[in-house]
There are 2 protein chains.
Amino acid sequence: MAGVREEKKRKTRQAILQAAVRLFGDHGYERTSIAALARAAGVGKGTIYSYFQTKSEIFLAFCEDELDHVYAEVAKKTGADATLTEQLMALFLGEFRYVTRHKDFGRLLLREMIFPKELTVERSRDLDNRYIDYLSAMCRKAQQRGELRRDVDLLFVCGHFYALYLIAVSAWYMGRLQTEDDVAQALQLLLQQSMEGLLPAGKK
Amino acid sequence: MAGVREEKKRKTRQAILQAAVRLFGDHGYERTSIAALARAAGVGKGTIYSYFQTKSEIFLAFCEDELDHVYAEVAKKTGADATLTEQLMALFLGEFRYVTRHKDFGRLLLREMIFPKELTVERSRDLDNRYIDYLSAMCRKAQQRGELRRDVDLLFVCGHFYALYLIAVSAWYMGRLQTEDDVAQALQLLLQQSMEGLLPAGKK
DNA sequence: TTAAATTCTCGACCATGGTCGACTTTTTAT
DNA sequence: ATAAAAAGTCGACCATGGTCGAGAATTTAA
């Protein structure tokens, strides 16, 4: 009767994640202790650590589900005839809204995604890859429509755009940008800069 | 005999910071406990928390000193006749080398600087301001030399460049870029993109 | 000078993330 | 069927960041 173990493991993992979704969702990440999570999942504390190496890893697993919502949301809102900049703005602002709905939650996610620890690198990269796929598809289409240079590496273009989004979010966390509108304006300006370039007109 | 208190406070603060420099330097931030720090500084644990709100705040105070070295180092190495891109590369790579000398140290600093918590926002912004001053002076001169458009807000230009640096460092922490050379190459490419712009040649 | 008021200091104490090894359950070998 | 091996579970335990209130040091008021 091989397979009993497998089955149990799957269920336990599920239980932990479900409990995480509920508790993180209700009381936030920081205010949910591992002990409470274990209790809610109906397992021992040690068990949790045999499924996840660290608390933040649970958090990332929790996020994977959530991020799909953002994509769906954004995809719905942007018509197919939107320009690249419009699409980027929609994506980034959608993400911004989601990520900063709870300031602490967003900070943690960003910290973990942008400057991951060794332990969570793997997981961060998974999440990141999905993101890159999404973005680069968007850019490729823009390229085909002639909105984007063809002699550039798409990966670097995505990186470029994402970098601008990051600095805008950072400015918000730093208190330099206060409202969502401020962030939107700044981001728009930065994207424009990246499209037009920073060299003086004559020099190009 | 007013003033005794002031004097003592100054000294205690100094003692804590000095101990921090030594212990963080010797064993790293994570491996230095507050208890040990208190012992080394010759004060009680509680006292430390009446000078700093949190451990990472001590860390940031510790960094302020350190960062000056980077600037000095970089300023020395770049001749006055270097192009903007060359200067930026020197600055960012200098910082990169410093920040990632100890991977954990750098991660912590970046996390705290880019996505600060409420408690350390103030301090992060101080550090950040000094950085911006430095960068924007660099850009202003480039503007005067005609290497940079004049119709752009310098703050946004600095933000743009710094964003590209960030994404490069992030890619290193994510394991997408492995060596310092990889980072340098990527950064160079990104900076070039930002100067030339991403629009197709005809569209500008 | 003295005593009340204010400010500062301290370490016992608390909560929590993470470890460890004894114990239980499942699998494998015979 | 049985016992040895392997895999998984558990909660007491540990280390550490941060809190708190009692008591010491300093300032102020008289």
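Chain A is the first sequence line, chain B the second, and so forth, proteins listed ahead of strands; every chain is numbered from 1. Nothing here was measured: the structure is a model prediction, and the numbers come from that model.
Atom CD1 in A:Ile58 sits roughly 13 Å away from atom C1' in C:dT16 (whole-Å rounding). For the pair B:Arg31 CZ and D:dT16 P, the interatomic distance rounds to 9 Å; values are reported in whole Å. When the P atom of D:dC10 is taken as reference, atom CG of A:Leu37 falls 13 Å away, rounded to whole Å. The separation between B:Ile34 atom CD1 and C:dC10 atom C1' is 15 Å, rounded to whole Å. Atom NZ of A:Lys8 is separated from atom C1' of C:dT25 by 6 Å (rounded to the nearest Å). When rounded to the nearest whole Å, the span between CD of B:Glu30 and P of C:dG17 equals 16 Å.
Inspection of the B:Gln143 and B:Glu147 side chains reveals no N or O donor paired with an N or O acceptor under 3.5 Å.
The side chain of A:Thr47 contributes an N or O atom lying less than 4.0 Å from OP1 or OP2 of D:dC10.
In the interface, the side chain of A:Lys45 is paired with the base of C:dG18 through a donor and an acceptor atom under 3.5 Å apart.
Considering every non-hydrogen atom in both B:Val183 and B:Ala168, the closest pair reads CG1-CB, 4.2 Å.
The residue B:Ser56 sits apart from the nucleic acid: no heavy atom pair falls under 4.0 Å.
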Classify every nucleotide of nucleotides 1-8 of chain C by which part a protein heavy atom approaches to under 4.0 Å, writing B for the base, S for the sugar-phosphate alone and - for neither, in 5'-to-3' order. -----BBS
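Figure legend: A:Lys55 and A:Tyr29 shown as a cation-pi pair, the cationic atom lying under 6.0 angstrom from the six-membered ring centre and within 45 degrees of its axis.
With A:Tyr165 as the partner, the ring-ring contact (aromatic ring centres under 6.0 Å, His included) test is satisfied by one option alone out of A:Phe92, A:Phe96, A:Tyr131: A:Phe92.
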